[in-house]
Amino acid sequence: MKYADRMKRLGTETAFEVLARARQLEAEGREVIHLEIGEPDFNTPKYICDAAIKAIKDGYTHYNPSAGYPEIRKIISDEINRTRGINSNLNQVVIVPGGKPVMFYVIFALVDKGDEVLYPNPGFPIYESLINFVGAKPVPIPLREENDFRLDVKELASLVTPKTKLMIINSPQNPTGGVLTHDDLKKIAKIANDNDIWVLSDEIYSRIIYDGEFESVTQFKGMPKRTIILDGMSKTYAMTGWRFGYGVMEETLAGHISRLATNCNSCTSSFTQIAAGAALTGPQDDSNKMVAEFKQRREVIVNGLNKIEGVSCKKPQGAFYVFPNIKSTGKKSKEMEELLLEKYGVAGLAGTSFGEFGEGYLRFSYANSVTNIKKALSKIEAAMKDIMK
Ligand SMILES: Cc1ncc(COP(=O)(O)O)c(C=O)c1O
């Protein structure tokens, strides 16, 4: 049997593979602390669950328009206008099952074979996977620790060529927790405007930010028409399993994305959309409490890691990941990932799961309890003592 050639170019997200291995070890009776998967450990707030249950009972169990219910798209465009200071309307919003399909559809709608796409590295692995899948050239924008894991705008400018079609940015960032500054965004906007480049701005962690206010690249002149904002419910409202995300973009592109949705998923779950509308318009206390809790855990994990010989860790500004440097151990990231899981029962991810510039780092998600984080820290410390002796 033969498979399509393009399947050789499709990557993956190793978090799911490490999770599967960790579950296998647990099934064999081993204790594993899960710092690998990027999802809040909180339950979806009750008022959102109640809205979904009511929606099912009220008959929101049928197909709906591919771009989503107009009333929910209106809630989203209002929310985006309020938080990003732009002037979008509901026709610019396409609702899809999660943040990931926004990447998939946008790259399919914009990028041809031979085009170049700039993307953060280390960064969310699906960007590079999809760029390769459509036959385009992935051009990594290195994110370096010495620059607080923000991209270097001068370097970014040097990577632009006449073939650059799309630039992907992500702030707050997975896996580093880095946040782009106002000045970075302003310069990124200039590069995009001067070179007529589309920008996919992955803002899925926009509400999980600890120091200062979230800013979007869309605030700069010329940017709303060339930017696709990617956001959703997964992280902010602990709704990873509900599958709700959205893109906000200029209307013609929104039409293309909506047609791609018709060809693929038809529409996003009807009652999930009603729940998402309730999430955005209801009380934000649960979500705010979750972020406050993440902030506390950030202190515990960063301080704990920095006390361990062989590890150094910058304080992330947003999201719920740390990206500690393990270069002084002399071990490769992947080797450390395997050792920590197999021998010490701590599931984390190699920095290289996020691209070549992640070598020498690990990613731990601190979407876990303080008790478990402390337990993991003592196991990591034991591992480091063994390695460093
Ligand atoms: C940067 C980034 N973008 C998008 C997503 C995808 O989110 P969703 O689960 O809504 O598809 C993730 C999930 O981990 C992410 O880290």
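First listed ligand is number 1; within each ligand, the first listed atom is number 1. Counting begins at 1 with the first residue of the sequence. Every heavy atom of this structure was used, including side-chain atoms; hydrogens, water molecules and symmetry mates were not. Here the structure is a predicted model, which is why all the values come from computation and not from measurement.
- Within the structure, the salt bridge (charged side-chain N to carboxylate O under 4.0 Å, His left out) test picks out the following pairs touching residues 308-331 (sequence neighbours left out): Asp148-Lys314, Glu299-Lys315, Lys331-Glu335.
- Taking the six-membered ring where tryptophan is involved, the planes of Tyr205 and Phe320 are perpendicular, since the angle between them exceeds 60° and thus also 30°.
- Residue pairs satisfying the salt bridge (charged side-chain N to carboxylate O under 4.0 Å, His left out) criterion with at least one member in residues 349-369, sequence neighbours excluded, are absent.
- The aromatic rings of Tyr127 and Phe124 lie perpendicular to each other, with more than 60° between the two planes, well past the 30° mark.
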Please tabulate, one line per pair, the protein nitrogen or oxygen atoms found under 3.5 angstrom from a nitrogen or oxygen of ligand 1, with distances to 0.1 Å, or say none if there are no such pairs.
residue, atom, partner, partner atom, Å
ligand 1, 3 (N), Asp202, OD1, 3.4
ligand 1, 3 (N), Asp202, OD2, 2.6
ligand 1, 9 (O), Ser234, OG, 3.4
ligand 1, 9 (O), Arg243, NH1, 3.1
ligand 1, 10 (O), Gly99, N, 2.8
ligand 1, 10 (O), Ser234, OG, 2.6
ligand 1, 11 (O), Gly99, N, 3.0
ligand 1, 11 (O), Lys100, N, 3.0
ligand 1, 11 (O), Arg243, NH2, 2.8
ligand 1, 14 (O), Lys235, NZ, 2.7
ligand 1, 16 (O), Asn174, ND2, 2.7
ligand 1, 16 (O), Tyr205, OH, 2.7

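- Every residue two or more places apart in sequence or in another chain that forms a side chain to side chain contact (heavy atoms under 4.5 Å, CB included) with Asp78 is listed here: Lys74.
- A distance of 6.0 Å or more separates the ring centres of Tyr321 and Phe354.
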